[in-house]
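Structure record follows, encoded as structure tokens.
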2 protein chains.
Amino acid sequence: MNTSKKKRLEANGWKVGSSAEFLNLTAEEAAYVEFKVALSKALLHLRKSRKLTQVDLALRINSSQSRVAKMEAADASVSLDLMLRSLFALGASRNKVAELLKAS
Amino acid sequence: MNTSKKKRLEANGWKVGSSAEFLNLTAEEAAYVEFKVALSKALLHLRKSRKLTQVDLALRINSSQSRVAKMEAADASVSLDLMLRSLFALGASRNKVAELLKAS
DNA sequence: ATTAACTATATCACTTTTGACATGGAAGTC
DNA sequence: GACTTCCATGTCAAAAGTGATATAGTTAAT
């Protein structure tokens with residue numbers, strides 16, 4: 001990973017280790033981040049397809065517009081739990097979610 | 001839902017509402033729980049197939065044996081984040097996880 | 001150029017999740 | 001029985017995630 005990418009990740013709150021520890025974490029950490037990004041895209045698309053605003057969705061899940069925005073930005077401060085709960089709140093089935101998660 | 005099931009869920013820390021609020025939450029909450037259970041089963045099977053003990057896995061993910069046990073029990077106190085991170089730590093790919101999540 | 005509607009980003013008190021630890025139970029070995 | 005290995009469950013201080021709020025940026029319409 002180059003320095004600028006590392007900087008970018010760190011700037012968004014992602015912990016980026018180094019050396020051996022870094023190498024150990026990379027594969028699973030990368031998978032985690034990719035997974036989160038896939039969820040964020042799915043969320044955005046599903047929300048749009050439902051013709052809802054971020055505020056609409058926030059109300060449905062008892063959250064706030066800012067949190068929805070962060071979910072869709074795959075921000076490090078949001079959990080996969082919240083993102084998945086949101087997808088389910090938008091009516092996505094478990095199978096649908098599984099489908100959405102497949103690598104593009 | 002009958003009373004005994006409700007009691008069981010509550011005893012394990014699941015919040016079970018009632019009346020209208022209860023009805024609203026059911027579908028997505030059910031999807032969430034089913035999702036978590038699917039992950040817990042996948043975790044158990046993957047760990048076993050790798051011939052690892054709960055302690056082994058705990059060490060790999062910088063967690064503890066008790067947390068792993070709770071993950072495999074789909075305990076309410078564990079996040080999907082931790083469970084997914086664990087799956088990735090066991091070498092599961094995003095596609096593999098998507099596959100595992102399909103309803104049986 | 002204003003206004004209105006929607007989204008992005010930052011901060012913070014409060015809540016939930018966490019690893020660690022303790023302990024008990026189950027299944028096997030000697 | 002005593003010992004070992006593995007898993008289940010409870011508790012708790014510390015860490016991470018949360019909704020709320022504020023505010024700024026964007027897009028479109030009049």
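Naming: A, B, ... by sequence-line order, numbering from 1 per chain. Reckoned from all heavy atoms, side chains included, excluding hydrogens, waters and symmetry mates. In this text the structure is predicted, and so the values were computed from the model without any measurement.
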Fill in: Side-chain (B/Arg47) to main-chain (B/Leu52) donor-acceptor, under 3.5 angstrom
yes
Fill in: Length of the line joining A/Glu72:CD and D/dT26:P, which is rounded to integer Å
18 Å
Worksheet, complete the sentence: Per nearest nucleotide of DNA chain C, the residue lying toward the 5' end, B/Gln65 or B/Met83, is B/Met83
Item to complete: For A/Lys36 and D/dG17, give me the distance from atom NZ to atom P, rounded to whole Å.
Response: 7 Å
Practice prompt. Mind calculating the distance between CG (B/Leu57) and P (D/dA8) to the nearest angstrom?
Written response: 12 Å
Worksheet entry | Closest nucleotide among D/dT9, C/dT9, C/dG19 to the A/Ala73 side chain | C/dT9
Discussion item. Side chain of A/Val78, heavy atoms from C-beta onward: which of C/dG19, D/dA8, D/dT18 has the nearest atom to it?
Written reply: D/dT18
Item to complete: Please state whether the base of D/dG10 and the side chain of B/Lys70 form at least one donor-acceptor pair under 3.5 Å?
Response: yes
Worksheet, complete the sentence: B/Leu82 CG to C/dG19 C1', in whole Å, measures 10 Å
Fill in: Interatomic distance where CD1 belongs to A/Ile61 and C1' belongs to D/dG17 [whole Å]
13 Å
Discussion item. Looking only at the side chains, is there a donor atom on one of B/Ser93 and B/Asn95 sitting less than 3.5 Å from an acceptor on the other?
Written reply: no
Worksheet item: Between D/dT18, C/dT7, D/dG10, which one does the side chain of A/Lys48 approach most closely?
Response: C/dT7
Practice prompt. Mind running salt bridge (Lys or Arg N to Asp or Glu O under 4.0 Å) on B/Arg60 and A/Glu28 for me, showing each step along the way?
Written response: CA-CA 11 Å; B/Arg60 286 197 188 197; A/Glu28 58 201 78; over 6 Å; no
Worksheet item: Taking the side chain of B/Arg67 as its heavy atoms from C-beta onward, which of C/dT9, D/dT18, C/dT18 lies nearest to it?
Response: C/dT18
Discussion item. Regarding A/Glu29 and B/Arg85, does a basic nitrogen lie under 4.0 Å from an acidic carboxylate oxygen?
Written reply: yes
Worksheet item: To the nearest angstrom, how far is A/Asn62 atom CG from D/dA20 atom C1'?
Response: 13 Å
Practice prompt. State, yes or no, whether a side-chain contact exists between B/Leu90 and B/Leu43 at a heavy-atom distance under 4.5 Å.
Written response: yes
Worksheet item: When only distance counts, do a donor and an acceptor, one from the side chain of B/Gln54 and one from the base of D/dA8, lie under 3.5 Å apart?
Response: no
Worksheet item: Choosing from D/dG17, C/dC6, D/dC6, which nucleotide comes nearest the side chain of A/Ser79?
Response: D/dG17
Worksheet item: What is the distance, rounded to the nearest whole Å, between atom OH of A/Tyr32 and atom C1' of D/dG17?
Response: 10 Å
Worksheet item: For the side chain of A/Ser66, counting heavy atoms from C-beta on, which of D/dT9, C/dT7, D/dT21 is nearest?
Response: D/dT21
Practice prompt. Find which nucleotide of DNA chain D each of B/Arg47 and A/Asp81 is nearest to by heavy atoms, and output the residue with the more 5' nucleotide.
Written response: B/Arg47
Practice prompt. Look at all strands and tell whether A/Ser64 reaches a base, only sugar-phosphate, or nothing, counting heavy atoms closer than 4.0 Å.
Written response: base
Worksheet item: Given atom CE of A/Met71 and atom C1' of C/dA8, what is their separation to the nearest angstrom?
Response: 14 Å
